Amino acid sequence: PTDPAAAGNPGGCPIDHAAPARAQGCPVSPQAAEFDPFGDGYQQDPPDYVRWAREREPVFYSPKLGYWVVTRYDDIKAVFRDNHTFSPSIALEKITPTGPEANAVLASYGYAMNRTLVNEDEPAHMPRRRALMDPFTPEALKHHEPMVRRLTRDYVDRFIDDGRADLVDQMLWEVPLTVALHFLGVPEEDMDRLRAYSIAHTVNTWGRPKPEEQVAVAHAVGNFWQLAGNILDKMRRNPDAPGWMQYGIRKQKEFPDVVTDSYLHSMMMAGIVAAHETTANASANAIKLLLQHPEAWRELCEDPGLLPNAVEECLRHNGSVAAWRRLATRDTEIAGVAIPAGARLLIVSSSANHDERHFADADFFDIRRENASDQLTFGYGAHQCMGKNLARMEMQIFLEELTRRLPHLRLAEQQFTYVPNTSFRGPEHLWVEWDPAGNPERRDPGLLSRRQPVRIGEPSAHAISRRLLVASVTRAADGIARIRLESPDGKPLPRWTPGSHIDVECGDTGMSRQYSLCGDPADAGALEIAVLREDAGRGGSAWIHRHLRPGGSVRARGPRNHFRMDESASRLIFIAGGIGITPISAMARRARELGLDYQLHYSGRARGRMALLEELAPLHGERLHLHIGDEGRRNDFDALLARPDPGAQIYACGPERMLAALRQACAAWPEDALRVEHFHSTLATLDPSREHAFEAELKDSGIVVQVPAGQTLLAALRSANIDVQSDCEEGLCGSCEVRVIDGAIDHRDVVLTRGEREAGNRMMACCSRARGERIVLEL
Ligand code: HEM
Ligand code: FES
């Protein structure tokens with residue numbers, strides 16, 4: 001590749017192309033050289049377009065774009081997490097620099113778009129974000145729900161008898177725009193004008209306009225800028241009116257250095273785009289995706305309780321922000337690739353959302369996916385979208401209204417087109433059809449008054465469980481039942497990766513238990529678990545043994561994987577004790593299929609109590625080592641692991657005593673060589689042995705909440721039914737701030753300034769704790 005713009009640039013291609021050719025040549029691979037986010041491949045399906053990168057070259061330099069492209073979930077989340085090393089300052093910068101003529105046009109309008117929130121660096125950003133956060137709390141958002149419902153109803157009324165509509169033109173563009181204007185506090189201005197302006201703004205920022213288009217775009221953007229200024233002037237004359245911008249104007253009086261004039265004018269323009277196009281596109285993508293999966297659409301029509309999770313899955317599978325940007329502020333590294341200071345990064349969040357390492361069977365569209373809300377379409381960390389719950393509310397209401405009133409909706413034959421740009425993505429038109437004679441409200445007008453409560457925040461766990469048929473229950477060993485679960489309608493179940501588990505709900509006891517999957521991951525027809533009856537346990541396994549019978553059914557969530565196997569390890573050592581064989585057997589099967597170098601050690605007290613023996617022996621032959629207590633063969637970990645092998649990884653599952661012995665035997669091994677099963681994600685979990693329990697007295701509610709050593713304050717408040725907002729839950733975003741009246745605080749966030757910490761009157765509930773025994777909160 002020869003890109004004169006990049007050669008010699010800080011942060012550009014690592015090779016100096018002006019220098020004489022070197023033996024090694026340019027490190028940019030042919031696919032990286034071809035990468036073009038303005039071409040049809042990226043426009044139609046960004047995560048599919050960069051699949052090769054996600055699999056083989058997760059961080060690469062694109063000479064055509066002059067950006068480093070990041071494609072995997074963990075890397076992208078790490079970039080979002082560290083907004084000092086990876087500055088968001090370029091988030092709204094023009095991705096294609098405009099020529100002098102367009103620049104002159106922009107200047108003639110006094111265009112001075114500057115930092116808002118999304119592209120502001122610390123230390124300016126966080127105080128501003130926090131000052132402006134209140135209108136986004138769930139209580140504040142609830143006030144907008146009737147307005148969103150009314151608008152949605154009105155727009156659907158206009159076309160319900162037509163039998164055919166372009167949902168983008170006839171609803172999905174204007175409703176989010178109107179909602180955005182209401183939220184911001186803008187009087188309903190000339191919508192068509194704003195609509196044209198915001199498209200121009202997208203092209204101006206994320207697109208590649210041809211030189212002849214640039215001037216027209218610049219005029220539209222200039223006009224948009226002036227209109228934003230005029231609207232703001234009007235608002236300043238009536239600052240007590242409702243609206244987020246008026247709230248900002250009022251906050252400016254309190255914090256003039258934090259909420260500046262430049263911020264307000266820039267946000268007036270950027271806010272419309274942030275709140276409007278993102279949501280319009282996300283809704284169009286969601287409806288298209290659901291109609292392409294008619295069985296999912298039908299399920300939503302029958303059970304609106306599934307809507308919140310379906311919205312998350314749509315945002316994951318086909319969100320409206322395909323990629324976002326960051327600037328490296330120092331020499332650093334992402335996934336082992338050296339990134340120079342000044343490098344521009346395109347972090348392809350839509351690719352993260354299809355990363356198999358985080359989302360099992362990632363391309364599968366599953367409205368019951370348990371971790372759908374881990375999607376990165378709203379970004380993550382300090383800049384995570386503030387408006388996400390407003391967007392979620394709109395999407396839930398649109399889908400609720402359409403599934404209830406037009407369950408017989410289908411996609412019309414059409415070609416989908418997209419405005420070419422790196423980031424904002426949604427079809428320009430979405431033609432749908434239905435037979436108006438079949439509109440259910442003609443038979444049942446009462447249907448119009450039904451409402452599904454909007455759920456703000458995470459979808460509830462019970463709503464997303466799926467019913468599974470118990471196909472067979474067989475005896476796998478003494479006290480161990482092997483259970484085969486199948487989908488009731490014969491449709492494929494999500495495929496899973498070794499180490500995954502499902503959460504089985506024990507009828508209406510309120511209990512649910514997690515069991516690792518042990519069957520064949522390639523079998524999309526069934527999920528298999530093996531359950532040891534533990535009479536001394538809390539009753540879950542006994543319930544399963546008593547109630548699951550062939551022909552019956554059970555509800556379960558998942559599959560989900562917190563125990564992933566690294567398929568690139570040079571050697572794998574699998575160690576299972578007792579029923580811990582379930583995830584390990586699936587891993588060993590996979591290792592065998594891949595032809596990897598592995599050993600499988602399986603210990604138990606007696607042969608008769610060891611499940612899966614008869615299938616393991618023929619499958620693994622000499623690689624299987626059995627350690628059977630009553631046959632006098634115990635596993636000697638010290639001998640087995642005497643010599644650390646730097647390329648090897650050890651995967652273990654079994655009783656806590658066995659794991660403790662293993663930890664000891666691995667003391668001299670590299671730190672992450674030993675991996676053990678965690679049923680819960682380990683992020684932000686506390687080490688109870690190093691924490692102390694404390695009490696939180698809630699002044700306003702008059703209750704006292706006990707916070708055990710192994711629980712966060714946020715979790716303890718929630719289990720006492722106290723609603724506290726949260727986003728990142730690791731001290732980055734400032735959403736979970738609570739006011740402290742009394743008691744010393746052990747601050748662990750990166751949100752508060754040193755002065756605020758010292759003042760000791762606020763804390764982040766997701767991570768910070770009490771220093772002493774008691775803390776008093778204003779809740
Ligand atoms: C930030 C996406 C709707 C207001 C962001 C970011 C993304 C995003 C990717 C940057 C995150 C980061 O850098 O980590 C979306 C999507 C939406 C949506 C996909 C709809 C589906 C909204 C709405 C509003 C809004 C409805 C406002 C009413 C904001 C604000 C920020 C932001 C104020 C800046 C936060 C900060 O930097 O501290 N959004 N957004 N967004 N969004 Fe949204
Ligand atoms: Fe993000 Fe607590 S700081 S949720």
Side-chain angles (χ1 to χ4, degrees), residues 76-77 79-81 83 86-92 115-122 124-133 135-136 141 144 148 176-177 179-184 243-245 248 263 267 270-286 311-312 314-316 318-326 347 349-350 353 375-395 423-426 684 712-714 724-738 748-752 763-768:
I76 290 180
K77 200 159 178 175
V79 169
F80 273 130
R81 191 177 275 129
N83 62 322
F86 302 106
S87 153
S89 55
I90 60 166
L92 303 182
R115 306 287 182 98
T116 52
L117 281 164
V118 76
N119 55 356
E120 183 63 280
D121 280 314
E122 304 306 342
H125 162 260
M126 194 46 86
R128 191 178 292 159
R129 176 175 166 106
R130 288 168 54 222
L132 299 170
M133 205 173 276
F136 290 100
L141 290 181
H144 298 291
V148 178
L177 177 54
V179 172
L181 296 176
H182 276 291
F183 179 80
L184 295 170
W244 189 47
M245 293 309 300
Y263 160 77
M267 195 48 148
I272 296 174
V273 181
H276 164 217
E277 267 191 75
T278 50
T279 314
N281 282 330
S283 307
N285 287 335
V311 165
E312 294 306 303
C314 290
L315 286 164
R316 181 194 74 84
N318 196 1
S320 54
V321 169
W324 210 243
R325 286 182 285 165
R326 290 289 190 257
I347 45 179
S349 39
S350 55
N353 289 343
Q375 45 87 8
L376 295 178
T377 302
F378 291 123
Y380 182 74
H383 289 271
Q384 177 159 88
C385 179
M386 287 167 85
K388 63 183 194 172
N389 287 332
L390 179 60
R392 284 168 163 157
M393 177 201 286
E394 291 184 56
M395 293 174 73
S423 298
F424 281 16
R425 195 173 166 282
T712 62
L713 172 60
L714 180 69
V724 179
Q725 249 214 112
S726 76
D727 275 335
C728 69
E729 305 199 358
E730 48 175 328
L732 305 172
C733 74
S735 305
C736 62
E737 179 172 318
V738 292
R748 302 184 184 181
D749 60 278
V750 297
V751 172
L752 298 177
M763 71 190 285
M764 298 300 143
C766 68
C767 59
S768 300

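As the structure is a computational prediction, the values presented were derived from the model and not from experiment. Counting convention: from 1, in listed order, for ligands and their atoms alike.
- Contacts between His125 and ligand 1, counted as non-hydrogen atom pairs separated by less than 4.0 Å, involve the side chain only.
- Close approach of ligand 1 to Leu390 (heavy-atom distance below 4.0 Å) involves ligand atoms 28 (C).
- When Leu177, Asn281, Val179 are each tested for a side chain to side chain contact (heavy atoms under 4.5 Å, CB included) with His276, only one passes: Leu177.
- Remark: minimum distance from atom 4 (C) of ligand 1 to any protein heavy atom is reached at Gly387 N, 3.7 Å.
- Coordination check, Cys736 versus atom 2 (Fe) of ligand 2: passed, since an N/O/S atom of the residue sits under 2.8 Å.
- Side chains of Glu730 and Tyr380: a donor on one and an acceptor on the other come within 3.5 Å.
- Close approach of ligand 2 to Asp727 (heavy-atom distance below 4.0 Å) involves ligand atoms 4 (S).
- At least one heavy atom of Ala382 sits less than 4.0 Å from an atom of ligand 1.
- Within ligand 2, the atoms closer than 4.0 Å to a non-hydrogen atom of Ser726 are 4 (S), numbered from 1 in the order shown.
- Of the protein's heavy atoms, Thr278 OG1, 3.3 Å lies nearest to atom 3 (C) of ligand 1.
- The contact set between ligand 2 and Leu732, taken as ligand atoms under 4.0 Å from a residue heavy atom, comprises 3 (S).
- With hydrogens and angles left out, the side-chain atoms of Ser320 and Asn285 include no donor and acceptor closer than 3.5 Å.
- Among protein heavy atoms, atom 19 (C) of ligand 1 sits closest to Ser320 OG, 3.4 Å.
- For His144 and His182, the distance between ring centers is not under 6.0 angstrom.
- Near Phe136, meaning under 4.0 Å from one of its heavy atoms, ligand 1 places the atoms 27 (C), 28 (C).
- Taking each of Arg326, Arg130, Gln384, Glu120 in turn, the one with a heavy atom nearest to atom 13 (O) of ligand 1 proves to be Arg326.
- At a heavy-atom distance under 4.0 Å, only side-chain atoms of Phe183, from C-beta outward, approach ligand 1.
- One of the N, O or S atoms belonging to Cys766 lies under 2.8 Å away from atom 2 (Fe) of ligand 2.
- Ligand 2 places these atoms under 4.0 Å from at least one heavy atom of Glu729: 1 (Fe), 4 (S).
- Under the 4.0 angstrom criterion for non-hydrogen atoms, Met267 is in contact with ligand 1.
- Of the N and O atoms on the side chains of Asn318 and Arg425, at least one donor lies less than 3.5 Å from an acceptor on the other residue.
- The protein heavy-atom contact nearest to atom 27 (C) of ligand 1 is Ala275 CB, 3.6 Å.
- Each of the atoms 1 (Fe), 3 (S) of ligand 2 lies under 4.0 Å from some heavy atom of Gly734.
- Of the candidates Met764, Arg129, Gln384, Ser735 forms a side chain to side chain contact (heavy atoms under 4.5 Å, CB included) with just one, namely Arg129.
- Every atom of ligand 2 with a heavy atom of Gly731 under 4.0 Å away is listed here by number and element: 3 (S).
- We find that Glu312 and Arg392 are joined by a salt bridge, their nearest charged nitrogen and carboxylate oxygen being less than 4.0 Å apart.
- Distances from ligand 1 to the non-hydrogen atoms of Gly319 include no value under 4.0 Å.
- Nearest to atom 11 (C) of ligand 1 among the protein's heavy atoms is His383 O, 3.2 Å.
- Among protein heavy atoms, the minimum distance from atom 6 (C) of ligand 1 is reached at Phe378 O, 4.0 Å.
- The protein atom (non-hydrogen) at minimum distance from atom 40 (N) of ligand 1 is Cys385 SG, 3.0 Å.
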